[in-house]
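Sequence lines set the chain letters: A, B, ... in the order given, protein chains first and strands last, and positions in each chain run from 1. It should be emphasised that the depicted structure is a prediction, and the values quoted were computed from it without experimental measurement.
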Amino acid sequence: MKIMDGTIFDIQSFSLNDGPGIRTTVFLKGCSLNCLWCSNPESQSMKEELLYYRERCVSCCSCVEACPNGAIRVNKNGTVVFDRTVCKACGACVHICPSEARVISGSLKSVEEIVQTAVRDNLFYRNSGGGVTLSGGEPLSQAEFVREIAKELKKHGIHCVLDTSGNAPWKKLESVLHFIDLIYWDIKCINGEKHGKLTGVTNDLIIENLEKTLRLGKKILVRFPLIPGCNDSRSDIEETGNFLRELGIGHIDVLPYHNLGVSKYKALDKAYHLGATKIYKREEVEEISKILKTEYGLSVSIV
Amino acid sequence: MSKKPMSKKPELSSRMRRIKEEILDSPVYVDTERVRVLLDSYKETDGLSPAQRRAAYFERYLAEKTISIDDNPIVGDFGKYKVSAMPWIEISCRWMTKNLEGHRLHNTMGEYVLDDNARRNIREAVEVWGDRCAYSRARTLFEEATGLDWATLGKTGMYIDGCGLPLPSVICTEPAQMAVKGLRSQLEKIEAKEKTLPPIGTVETIKQRELLRAMRVSLNAVINWSHRYAALARDMARSEKNISRKKELSRIAEILERVPEHPARSFHEGIQSTLLIYMASVIEMSCPAGLAIGNISRPLNPLYRKDRDEGKITEDEAIELIQGFFAKVMGATIYASNVWSTAGQGFNACRISMGGYTAKGDDGTTELDYLLVEAQRQMKVIEPGLACFYTDKMPEEFLLKCMELLRDSGLGQPQFHNTDKTIERWLYNCPGVSLEDARERTVLGSCVVSVLGNLTNPPWEGAFNVAKMLELAMNNGVDPFTRNKVGLETGDPETFASYRELHEAVRKQLAYLLEQCRFFDSTGFALQAESLPLTFTSAVIDQCIETATDLSEGGQPYGEMGTIIIGNIDLANSLAAIKKLVYDDKAISMRQLKEALEADFEGGEHAYIQNLCLRAPKYGNDDRYVDDIAREWFDIFYEEATKQPDCMGKPSVPEAYSHSLHWHTGARTMALPSGRKSGLALCDGSVSAQAGTDVLGPTALARSAARVLDTVKYSSNHLNMKFHPAVFKDDDGMRKVIALVKSYFDLGGYHIQFNCISNETLVDAQRYPERYKNLTVRVAGFSAYFVRLDKGIQDEIIRRTMLNFQN
């Protein structure tokens, strides 16, 4: 086995919403998109990053001394000031922090380590029809690493889902697909221009890749993150419905917006642009599902 | 038949709601009617054998006891109040004076209320029984034999003795089976047995004849008790104006004239008879603690089906009768001492078992099991609790119904048990038991003890805190909580050159003190057996009649009684921290560690050491470093606790569960090397993780839990898990939890219980994030821990039950 390392930001066992059955979800770091609603902002950069949860800080200042790069100092009123530009995410402050206000996101893992961790839950997968989901970020940002993981999982007989935006060069995607049992494909917006505004990239490549993947006969499940005021207008829904119908896709998972990731933006000193966005009422999402069901003949699950 | 998730579900009928609320609103009255009769009757029976005296008082009590019939379609009360607690003077009573002097005591239903009459009766009873009760006599005998003062040992929190509670406090007499047979069948068996006794008088045969006679008196006393209710119902029917109630009262009278004396012919007769037979045992022991109701659905299901097929009963009517049964059980509560008020939280642990196998090994789930779950879904009561004996043959539909109850009730019910493991256990622990009995008659006793119904008598001994043994080894035999020297002088730990030396010191403390504690408890229990035979409960157990031996003397062919282990995860985490920090990594010295523990980790240097301790390997993460230590100590405890037989001379089988015992013992355990601070509760269950330290999720915890304890050898083990209700949002989510249960059982686990995280838990997690580090928010494609979310977001989650929607 070729030893290879990659950067992940979490492995979550007993994942219940990222594919069939009980799953282990591997969250890979790095993403080529920059979606306004992203709930895992720590997934966007390939690099290791420090998350500083100010609310949890007890101002003991032990991190000030621990930091070898002078990124942390104390101001006059005794509170801790953190200079991210100097931080090298070495983690020295994380180990010393008594209140776990400091967390490093991202760690270098080998294919072997990840596969070993995932294989331990084999029995849970067997009993639930589950397996492993490779998610992110955009897992294809580390396509080679992902391919090696998927290949090893296949050897172990473990069901593997790729959770992707589809935004990667076809060659990279194709090289991974061979080892994938099911693809969770995010469709965010059909209108290319709007897609650009919402995610930072146009959707030409995504759509082209989706069509090619379908031609390979691969199993795909389309997921549609439904974001208030972004992609939930009548025309957005109609375009999505039309698009799927033309491709002969019969099912869609609708993922209503949630704001659970907002704390992580603060901890990363990143701006969150959807701060004032509402949370849907169930009836609102059901109304939208109804359009997709009755007008476009899709089966819809609200996840 | 399976229902859609959002469909409107039937609610509790207004009649049952009223009945339930009346019970919940009622104070817990201390009922001393039994004590009064006991005092009077014992004056008259002086000089007679214990069996005769017990039967005489029991007969008189059931004949004179105040009875009443309320709006419940099921009749038969524990005491004279809606909610009663009865003092068991004969077993242990000195502590009761504290309650008289204003020391406030309570059980799960509330604080005890004593009127003047109750106070007078208790005062008189304590005068008579203070030195004579089994517990006081045990203390004297123990002190004479060992030179040790029991109270000094007890105060350290190393042991919560069991012999202050009635001996067979964990037993199942299979009352529903008896209801189908009728008590008269037992009277016939007694008569037949008497004829086989040799025509000669020996101490043994006389004891047997006297016991059989006492059994007959007790059975007739219960039959007479039901006839008293029948007469009352007739009287009430005569003066009742409401026609339908009049009819109901007449029907109740007819039923009680027939059962429990004769075999039940209808479901109503069956469940009524089951209640009276069960309640008679509860009355005999003066408390329901751990007295299992067993599997009532298999014996009664044929009656229910017949009635339903003939159009005599509807599903809803059957559910209401079951709820009436539940309500009567609710009214029977424990009068617990100050120790048991905190240690057991006044918990009765009456369990009804569902599912399992038939004698042939087929699926044992019946239609009545579904109705039990539905009755509880509407009723939502802590006692009696439902326990599901999981098998792979169980219908998915039933398991989904159980999941629904879990989600909707907030009770953690049903608890799940691994039937295959239980069968293996019985075949291992009770050589000679038939495979058929092991399959069919495995039911749940108390919290986690499984029993073979009619065949065995598995009470518990006390609960032993193994974490305390480390404290003693670290302090050369001195208990840091009471400052008394109660252990052995195993040496100054600072001189221990290796981890193994420490290990040996802990083991020596354990072996020595466990022996003392078991000696005390078995003495107390043996004294109960000697002077307080259970003449009614023995009479409903066939083997006690066949051997003419009381159940407290081991009248049944199989038995097991064992000491409960508590604090083993705390011990394992502590030993792993010492091994890692002091011996492997040499990061700190034993002296530094001891100083930090003495300072309760307060202060700069000590807080730093606590941090190191908390980061040492922790049980629950599938880490062999610490899991192997936990396994080693469960095995050591097993070995030490089985060296001596139980109080009936039968092999002892240790238990591993905690009820709320981990609170009581934790309050008396100082800071531990696991990083746990002084006075906090020890780990709950027996294989649950230290709060906030199982950071790899439920599957890693399940793997650790299944590995560290031999669930065949131990008679119980108990794992708790918490999930946000969103996990149970639809059938798909529930199936995944079912798969988790099955996987844990496939790995060898025995008992798992889920709590849907309540809002109180989430609020607690906001206050004490360090205890809830592992609480994950499970939403698609998202990764986060609850305690790291912003307060505002946390508050929102608390308001919502489905995470991605506004509620």
Please assess A:Lys281 against A:Glu287 for the test salt bridge (Lys or Arg N to Asp or Glu O under 4.0 Å), listing each intermediate value before the final yes or no. CA-CA 10 Å; A:Lys281 293 200 171 75; A:Glu287 196 55 39; over 6 Å; no

Excluding sequence neighbours, so at least two apart, what forms side-chain contact (heavy atoms from CB on, under 4.5 Å) with A:Cys160? A:Leu134, A:Ala150, A:Leu153, A:Ile180, A:Asp181

Should the pair [X]-[Y] be classified as a salt bridge under the 4.0 Å nitrogen-to-oxygen rule?
X: B:Asp627; Y: B:Arg703; result: no
X: B:Lys742; Y: B:Asp746; result: yes
X: A:Glu49; Y: A:Lys29; result: yes
X: A:Arg23; Y: A:Asp18; result: no
X: A:Arg282; Y: A:Glu286; result: yes
X: B:Lys580; Y: B:Asp584; result: no

Report which part of [X] has an atom under 4.5 Å of a heavy atom belonging to chain B: side chain, backbone, both, or neither.
X: A:Arg223; value: side chain
X: A:Asn259; value: both
X: A:Phe27; value: side chain
X: A:Tyr53; value: side chain

Pairs under 3.5 angstrom only: tabulate donor-acceptor contacts from the side chains of residues 92-105 of chain A to other protein residues two or more places apart or in another chain.
unit_1	atom_1	unit_2	atom_2	d
A:Ser99	OG	A:Arg56	O	2.9
A:Glu100	OE2	B:Lys773	NZ	3.1

Pairs of heavy atoms under 4.5 Å with chain B: top-ranked of [options]:
options: A:Phe9, A:Phe14, A:Tyr184; answer: A:Phe14
options: A:Thr25, A:Thr117, A:Asn40; answer: A:Asn40
options: A:Asp121, A:Thr133, A:Asp10, A:Thr24; answer: A:Asp121

[X] versus chain A, heavy atoms under 4.5 Å apart: side chain, backbone, both or neither?
X: B:Phe723; answer: side chain
X: B:Asp622; answer: both
X: B:Leu696; answer: backbone

So which bits of residues 601-621 of chain B come within less than 4.5 Å of chain A, counting non-hydrogen atoms only? B:Asn611, B:Arg615, B:Asn621

Please name all residues satisfying side-chain hydrogen bond (donor to acceptor under 3.5 Å, both in side chains) with A:Ser128, sequence neighbours left out, ordered by chain then number.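 For A:Ser128 there are no side-chain hydrogen bond (donor to acceptor under 3.5 Å, both in side chains) partners, ignoring immediate neighbours.
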
With distance as the sole criterion, is a donor-acceptor pair present between the side chains of A:Gln142 and A:Thr7 under 3.5 Å?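 Result is no, nothing qualifies.
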
When B:Leu747, B:Val737, B:Asp732 are compared by non-hydrogen pairs under 4.5 Å with chain A, the top option: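 Sorted descending by pairs with chain A, the first entry is B:Leu747.
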
